[in-house]
Amino acid sequence: MRKVLIALAIITFCSALNLQNVLTKLGYQEETNYFGFKVLTKEFEDFVDTVLIDGFKTVFEDPSLYATFMKTISSFTLEDKKGAFIQCSKGSKPGFFKFLADQDGVVGPNGSETIVLTPKEGDCFDQVTVQYTKINDQSVELIFTSGNRRNDTADNCKESYVIGSTMNYYSLALGKPNKSHKWTLKNLKPQNIKSIEEFGLRVFKTCDKFSNILPDVLLSLGLSLGGLGLNPDIPFFGSKPSWWMEVLNPLFIQQATGYLWLRREDKYVDLDETEVHPGDLIIATRMDGLDQLIQWGTGSRSGHSVTLLEIDGELRTVESQDSTYWPKHGIQRNTWKDWKQWAKNAGFNVAVLPLSEENRKKFNNTAAVEYFLNLEGTPYGYSTFLYGWVDTENKSLPAILDVNFVYSALTLVEKFYPSIPKSIINEGLNHRLGTQDLNLVQLYEVMYQKNLTIAEVFAIPEQDSWLYSYGHSLVCSAFVAGVWRAGGLFGDLQINVSEFTPRDVYQMKFFDKNFKKPEKCHKDGLPYCQIMGKFVMDVITDGYNSITPYEHMNEHCPSQPPFYLRTQGC
Ligand SMILES: *[C@@H]1O[C@H](CO)[C@@H](O)[C@H](O)[C@H]1NC(C)=O
Ligand SMILES: *[C@@H]1O[C@H](CO)[C@@H](O)[C@H](O)[C@H]1NC(C)=O
Ligand SMILES: *[C@@H]1O[C@H](CO)[C@@H](O)[C@H](O)[C@H]1NC(C)=O
Ligand SMILES: *[C@@H]1O[C@H](CO)[C@@H](O)[C@H](O)[C@H]1NC(C)=O
Ligand SMILES: *[C@@H]1O[C@H](CO)[C@@H](O)[C@H](O)[C@H]1NC(C)=O
Ligand SMILES: *[C@@H]1O[C@H](CO)[C@@H](O)[C@H](O)[C@H]1NC(C)=O
Ligand SMILES: *[C@@H]1O[C@H](CO)[C@@H](O)[C@H](O)[C@H]1NC(C)=O
């Protein structure tokens, strides 16, 4: 942990200065990595730190690489399409989020037993056995035993495990073959034993190899390090994403989903108030790690959704927003002029998607304004952030994110910072299980009694009638869908707007396919006007304006890279 902090401090410090010079002085060597990008590396005792200093240049300088890339991803086999790019497996290089872990086995629920963890590609040992013994009502014991080293693995290969119930946690690294490692839990309270006998002691194996884990953490932190302030004029601590965020995030998305963010000339197009209309959709993406998590999870190329309303005769943007770099919080209205300025300050990439003539006529601004006024000031809907995107039991999360691991890790977080799981998942789980104010440990007991798995419970659709401690819980895209529903765009259909991701809103068949772009917009081939940003906001190759609304839409949609294919009527 200290190393992470030191490294973080170095990164923070360097951002203000010239990163490359500083790292070179610290003994980092310049190298060309396997993508042909320049990196600085330095070997530490137990890991090699690698800093990317020259990201996508090669690809952007040669657009034909994009075509090659598209060809590559369209030639994937069905098997590839089902899987994800960032897999829970060992890599020769550090990777994004590979410090996460996958559930390899469970002991506890069935009493004393021995399980054998079978190796996956790249694992160190031909087998690892886990022997669980319930010694008495207050103590249990786990013995991990490594088998032989697999013939193709290095002598220093180590396997690292995290073991978690909802109340006890442990981690260990196995480095030597034929060696046993014992973990004894003594003086357990009845609720600890209960947790072990219901949730089990789940054995999670870290995805990446041991020596990559710290670099994995650093790489992943780099995605969102910087740009959290409000001042557009200062680097790193200001409101714009730092330069490495704009290098690492596209790289991460390419590795995670196969999508390549193309760069463009950052020319601002000032659409005035007569050129945007109530109900139009504004899509925005910021290279800040969070929008990219949304893209990884849902396929959405837009990380934020905003719409417009005419309130008391004045045009206003309306949105559900809560970012440190944004001056206002919660469900809010702003003038179009302020919004554009704040979006520029935030380093957003923004495009305006115009409603079709027909929908513009259909859109009842008065009714939509009533909906907005009822919600104005409500905090951003963190509590439903995950549920809009997790619709299915096992086809909604990137392969590397194991919901069981997330749950167990959050029960640990809950012990120290109960407000974190409380604000992101507990309330939603309580709604799904028909309980109130239970914490994660208690919630699991209910799932156990109801014979439901964690994944099954996550997949239960969110209902708009559910109220949270702060009222209705709406993320940006759910709020936009709510405004549209209030304005009559869905007609009489039964729609739960909480199920709409930013991708779902731009895929609605609500937009003007014959839109005549104002002269001042770029001639970039997009059928709508991108008004700012260094990256192309391309949603035309992702089902823009393609889905006619239907009853209960988006309640059961899978979402897996690379294509995030929807199933019929999902
Ligand atoms: C162990 O318990 C799990 C449920 O927790 C069950 O699915 C599995 O079949 C049990 N295994 C044995 C060997 O009893
Ligand atoms: C490693 O073991 C596998 C089977 O376990 C075998 O097929 C392979 O030839 C072995 N490789 C070497 C280099 O011994
Ligand atoms: C590990 O034990 C097995 C038998 O249990 C033996 O065949 C093997 O040689 C041992 N390996 C090492 C490295 O001691
Ligand atoms: C628009 O909505 C308002 C408020 O709900 C309603 O009074 C009005 O009749 C609606 N207008 C049309 C044309 O449906
Ligand atoms: C995913 O869940 C479905 C049932 O919802 C099940 O039939 C299928 O086997 C599961 N797939 C995997 C890989 O677990
Ligand atoms: C629990 O659910 C599983 C499958 O979902 C089923 O096979 C089993 O019979 C259920 N057990 C109880 C006690 O309902
Ligand atoms: C939301 O979804 C639930 C479950 O599918 C359904 O019972 C409810 O009617 C839906 N609400 C609306 C407004 O469509």
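Both counts, for ligands and for their atoms, begin at 1 and track the order of listing. Note: hydrogens, waters and symmetry copies are ignored here, and every other heavy atom, side chains too, is used.
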Inset, instruction - Determine whether the aromatic ring centres of W261 and Y259 lie less than 6.0 Å apart. - result: yes
Legend entry - Sole candidate of M287, R286, R264 that passes side chain to side chain contact (heavy atoms under 4.5 Å, CB included) when paired with F535: M287
Inset, instruction - Determine whether the aromatic ring centres of F490 and F510 lie less than 6.0 Å apart. - result: yes
Check ligand 4 against the protein and report each N/O to N/O distance under 3.5 Å, formatted as atom name, atom name, distance.
residue, atom, partner, partner atom, Å
ligand 4, 2 (O), N364, OD1, 3.2
ligand 4, 2 (O), N364, ND2, 2.3
ligand 4, 11 (N), N364, ND2, 2.9

Inset, instruction - Evaluate the criterion salt bridge (Lys or Arg N to Asp or Glu O under 4.0 Å) for residue pair E414 and K422; output intermediate values, then yes/no. - result: CA-CA 8 Å; E414 190 173 67; K422 192 161 183 233; over 6 Å; no
Inset, instruction - Look only at the side chain of T567 and the backbone of C570, and say whether a donor-acceptor pair between them is shorter than 3.5 Å. - result: no
Inset, instruction - Determine whether the aromatic ring centres of Y544 and F511 lie less than 6.0 Å apart. - result: yes
